[in-house]
There are 2 protein chains.
Amino acid sequence: MALAAASAILAQQGLEALSTRKVAKAIGYTVGTLYLVFKNLDELILHLNAATLKELESMLKAESTKHPRPHEVLHGIARVYCDYAKHQRARWSLLFTHQLAPGSQVPAWFDLMVRELFAIIEAPLQAIKANTSHSERARVARALWGGVHGVCELALSDKLKWGEQVTTESVVEVLVENFLAGLGQH
Amino acid sequence: MALAAASAILAQQGLEALSTRKVAKAIGYTVGTLYLVFKNLDELILHLNAATLKELESMLKAESTKHPRPHEVLHGIARVYCDYAKHQRARWSLLFTHQLAPGSQVPAWFDLMVRELFAIIEAPLQAIKANTSHSERARVARALWGGVHGVCELALSDKLKWGEQVTTESVVEVLVENFLAGLGQH
DNA sequence: TAAATTTATTGAACAGCGTTCATAAAGTCA
DNA sequence: TGACTTTATGAACGCTGTTCAATAAATTTA
């Protein structure tokens, strides 16, 4: 209930509007009660982020099966990723904006979810470049995905300051296209 | 004074610790006075970000002159960018974390600074691929830089979940290397 | 110099935030 | 019914951004 309410607040009122009191009120309880379910707001956000990761994962996996060739798979999931970021802006932002308190670290099960997401990208990369070491494949996947993510982030927050005929999709396209072309060359 | 104090707070106590009261106290004034200088916290941050952009610009420009070949220039400034992000974490984060209130938009002089930063990246790209249209060059520069930025961001906030032998620099290296290789191919 | 006016500064106030905790209500079992 | 456990409350604390009438200081005018 709390997670659904939080998700709704994010969708309707944005990142900044998310607060324990609003979530509590939305589900008909008081703040104190919410703190019996979640240790603190960070933990609530963590679980919300987990749900977001799950959603993203299923969407990317679905897209993966649509294309026969690995290049198309990567272009496809990049596009899906951008779309998700655009349409679920606040929820997506929360994934990255949220930085946990210094000292504490993300639980292992969350780490695992992230790794599984990266596995979706590593698979077609493996198909493009076979016989690469595990760490090399991880490096390439993270370079590509960090890249796609960065373009989405800057584009959505309007920080790339491009002209009008330049769209987010076309920039992501350029990034993936050139990266994969370069990858095939080596 | 206020900007210097804010910068110090960011460096010593991190992003979250930045508040109008702390800045005011640090310069020996009360909150009210600070609001006579800046309309609100957003405006203070805007000016702080402008200073950050200036600093970044001069560092990237300095690095640009160090290398004769455009490939080396781009690798060099990518490295400088990562270093800056790593060592001035909070200030750098503030550049991107900070999202202005809905409706209002960044002033024109700030936009111009961003465009000038991108010009530093567009120059070596122009050398690599001459005879490309203005908008195409803008697209390529933003794809590359969005990418480098994304890798830095995810790496610094520890969200890429790679193994231990994978460093931030090596991932950025992979991204730039492959992108430029692909660019040369087309 | 004295008064008038402008400028600079204050500090209290408001609403909201995350978080805690003694208190109270509701449910369970003997 | 009484004892015990679970569930929920709401007031409180210290923090946040922001505003604004009141005050102090500096400057200008008479």
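Just so it is clear: chains get the letters A, B, ... in the order the sequence lines come, proteins before strands, and each one is counted from 1.
Per the geometry, CG belonging to B/Asp42 stands 12 Å off P belonging to D/dT19, to the nearest Å. A straight line from CG of A/Leu34 to P of D/dA8 spans 11 Å, rounded to a whole angstrom. Rounding to whole angstrom units, NZ of residue B/Lys22 and P of D/dT18 are separated by 16 Å. Remark: C1' of D/dT6 and OH of A/Tyr35 are 21 Å apart, rounded to the nearest angstrom. Rounded to whole angstrom, the span from the CZ atom of A/Arg21 across to the C1' atom of D/dC13 amounts to 11 Å.
Counting only heavy atoms from C-beta on, B/Leu36 has its side chain closest to C/dT9 among D/dT18, C/dG18, C/dT9. The side chain of A/Asn40 lies closest to C/dT19, out of D/dT9, C/dT19, D/dT18. Side chain of A/Ser19, nearest nucleotide from C/dG18, C/dT9, D/dT18: C/dG18.
Note on ring orientation: taking the six-membered ring where Trp is involved, the planes of B/His149 and B/Trp92 are tilted (angle from 30° to 60°). The aromatic rings of A/Phe38 and A/His47 lie tilted to each other, with the angle between the two planes from 30° to 60°.
B/Asp158 contributes atom CG, which lies 8.5 Å from atom CD of A/Gln105 (distance to the nearest 0.5 angstrom).
Contacts of B/Thr20 with the nucleic acid, taken as non-hydrogen atoms under 4.0 Å apart, include base atoms.
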